[in-house]
Amino acid sequence: MSKLVGFYPGSFDPVTNGHLDVVERACKLVDVLIVAVGTNATKKPLFAHQDRLALLEQVLAPVGKRTDTEFKVVDFSGLMVTAAREHGARLIIRGLRDTTDYNYEMQMVGMNAQMAPDLQTVFLPSSPHVRHISATLVRQIAEMGGDISAFVPQIVLKALKK
């Protein structure tokens, strides 16, 4: 029997406790989870692309052991559906915090379904304790010297202090 592969794309700049919440619940749905770091030229990154890949590897290792899920951290540019197919994914995993996310994601689902009808999108609503966490806001707080310890894994905090 083949393994069910999920594809969780994002910028993960930085990886947050909200991202980890989605990952934890995605592990209950798939055998292999590809966490894909996309490049976005319009955002000023907090962490370099390679650093985000390395941080994800570190953060996801214990989750993989605990959930018996195989993780692959990859990068991609271009169309997300193309990258998902290249990695053998059948599911696209997306987290939803609120109706703003839902409206945006529904547009994406429509476009992706047109381009890749073989891929299905699964929405995982954020748990209440992390629903307010946005990587964009975390990045802004960090850039202004604020305390982000409640929003990110300890590994991210240590990386910021380097």
Side-chain angles (χ1 to χ4, degrees), residues 1-38 40 47 49 51-76 79-139 148-159:
M1 191 158 101
S2 65
K3 292 183 176 185
L4 181 57
V5 178
F7 192 85
Y8 181 33
S11 63
F12 303 101
D13 185 37
V15 59
T16 68
N17 294 335
H19 292 128
L20 291 180
D21 177 63
V22 172
V23 164
E24 288 275 354
R25 286 178 307 110
C27 289
K28 296 174 183 172
L29 301 175
V30 300
D31 303 302
V32 179
L33 186 61
I34 309 295
V35 180
V37 181
N40 187 337
F47 287 104
H49 190 76
D51 292 338
R52 284 181 269 156
L53 294 168
L55 285 169
L56 278 165
E57 291 278 359
Q58 293 173 50
V59 167
L60 296 177
V63 178
K65 288 178 185 167
R66 187 174 62 256
T67 63
D68 199 31
T69 303
E70 181 183 339
F71 284 99
K72 294 180 185 170
V73 177
V74 301
D75 63 350
F76 77 99
L79 290 174
M80 183 269 301
V81 292
T82 302
R85 280 179 169 155
E86 287 172 355
H87 290 282
R90 293 190 3 232
L91 295 179
I92 297 168
I93 306 292
R94 300 297 293 167
L96 293 178
R97 291 170 301 180
D98 56 24
T99 56
T100 303
D101 284 352
Y102 176 79
N103 291 332
Y104 172 76
E105 293 294 340
M106 286 304 291
Q107 287 180 314
M108 290 282 278
V109 166
M111 300 296 281
N112 290 341
Q114 209 52 58
M115 293 183 293
D118 53 312
L119 296 174
Q120 296 299 310
T121 299
V122 175
F123 293 138
L124 296 175
S126 296
S127 297
H129 68 282
V130 294
R131 192 162 288 148
H132 61 285
I133 299 175
S134 154
T136 300
L137 293 176
V138 171
R139 190 169 48 252
I148 61 169
S149 60
F151 312 126
V152 299
Q154 286 295 314
I155 293 169
V156 173
L157 287 176
K158 289 177 186 173

Asks: Quick check for you: to the nearest 0.5 Å, what is the distance between D21 atom CG and I133 atom CD1?
Replies: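 If I round to the nearest 0.5 Å, the distance is 8.5 Å.
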Asks: Among residues at least two apart in sequence or on other chains, which ones pass side-chain contact (heavy atoms from CB on, under 4.5 Å) with H132?
Replies: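 Here the qualifying residues are F151.
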Asks: Residues two or more places apart in sequence or in another chain: which of them pass side-chain hydrogen bond (donor to acceptor under 3.5 Å, both in side chains) with T69?
Replies: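 T69 satisfies side-chain hydrogen bond (donor to acceptor under 3.5 Å, both in side chains) with T67 only.
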Asks: Can you list everything that forms a side-chain hydrogen bond (donor to acceptor under 3.5 Å, both in side chains) with D101? Sequence neighbours excluded, please.
Replies: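 Partners of D101 under the side-chain hydrogen bond (donor to acceptor under 3.5 Å, both in side chains) test: R97.
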Asks: Got a sec: does the CE of M115 have more than 12 other heavy atoms crowding it under 6.0 Å?
Replies: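 More than 12 within 6.0 Å, yes.
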Asks: Under 4.5 Å between any side-chain heavy atoms of K3 and E70, yes or no?
Replies: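 Yes, at least one pair of side-chain atoms sits under 4.5 Å.
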Asks: Going through the distances and angles, do L53 and D75 end up as a side chain to side chain contact (heavy atoms under 4.5 Å, CB included)?
Replies: CA-CA 8 Å; L53 294 168; D75 63 350; 4.1 Å; yes
Asks: So E86 and F7, do their side chains get closer than 4.5 Å, heavy atoms only?
Replies: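 No, too far: nothing below the 4.5 Å cut-off.
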Asks: Find the distance between CG (L91) and CD (Q120) and round it off to the nearest 0.5 Å.
Replies: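 Between atom CG of L91 and atom CD of Q120 there are 7.5 Å.
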Asks: Once side-chain hydrogen bond (donor to acceptor under 3.5 Å, both in side chains) is applied, do any residues pair with D118, and if so which ones, sequence neighbours excluded?
Replies: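 Partners of D118 by the side-chain hydrogen bond (donor to acceptor under 3.5 Å, both in side chains) criterion, ordered by chain and then number, come out as R85.
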Asks: Say you draw a straight line from OG of S127 to CG of N17; how long is it, rounded to the nearest 0.5 Å?
Replies: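 So the gap between those two atoms works out to 11.0 Å.
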Asks: Hey, does T121 have a side-chain heavy atom less than 4.5 Å from the side chain of L119?
Replies: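 They are not in side-chain contact.
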Asks: Name the atoms and distances for all side-chain donor-acceptor pairs under 3.5 Å in residues 55-66, with sequence neighbours left out.
Replies:
unit_1, atom_1, unit_2, atom_2, d
R66, NH2, E24, OE1, 3.2
R66, NH2, E24, OE2, 2.0

Asks: If only atom types and distance count, is the side chain of R94 paired as donor or acceptor with the main-chain N or O of Y102 below 3.5 Å?
Replies: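 A pair under 3.5 Å: no.
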Asks: How would you list, by chain and number, every residue that makes a ring pair (Phe, Tyr, Trp, His ring centres under 6.0 Å) with Y8, sequence neighbours excluded?
Replies: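 For Y8 the ring pair (Phe, Tyr, Trp, His ring centres under 6.0 Å) partners, ignoring immediate neighbours, are F12.
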Asks: Report yes if the side chains of V22 and H19 come closer than 4.5 Å at any heavy-atom pair, otherwise no.
Replies: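 No, every pair of side-chain atoms sits at 4.5 Å or beyond.
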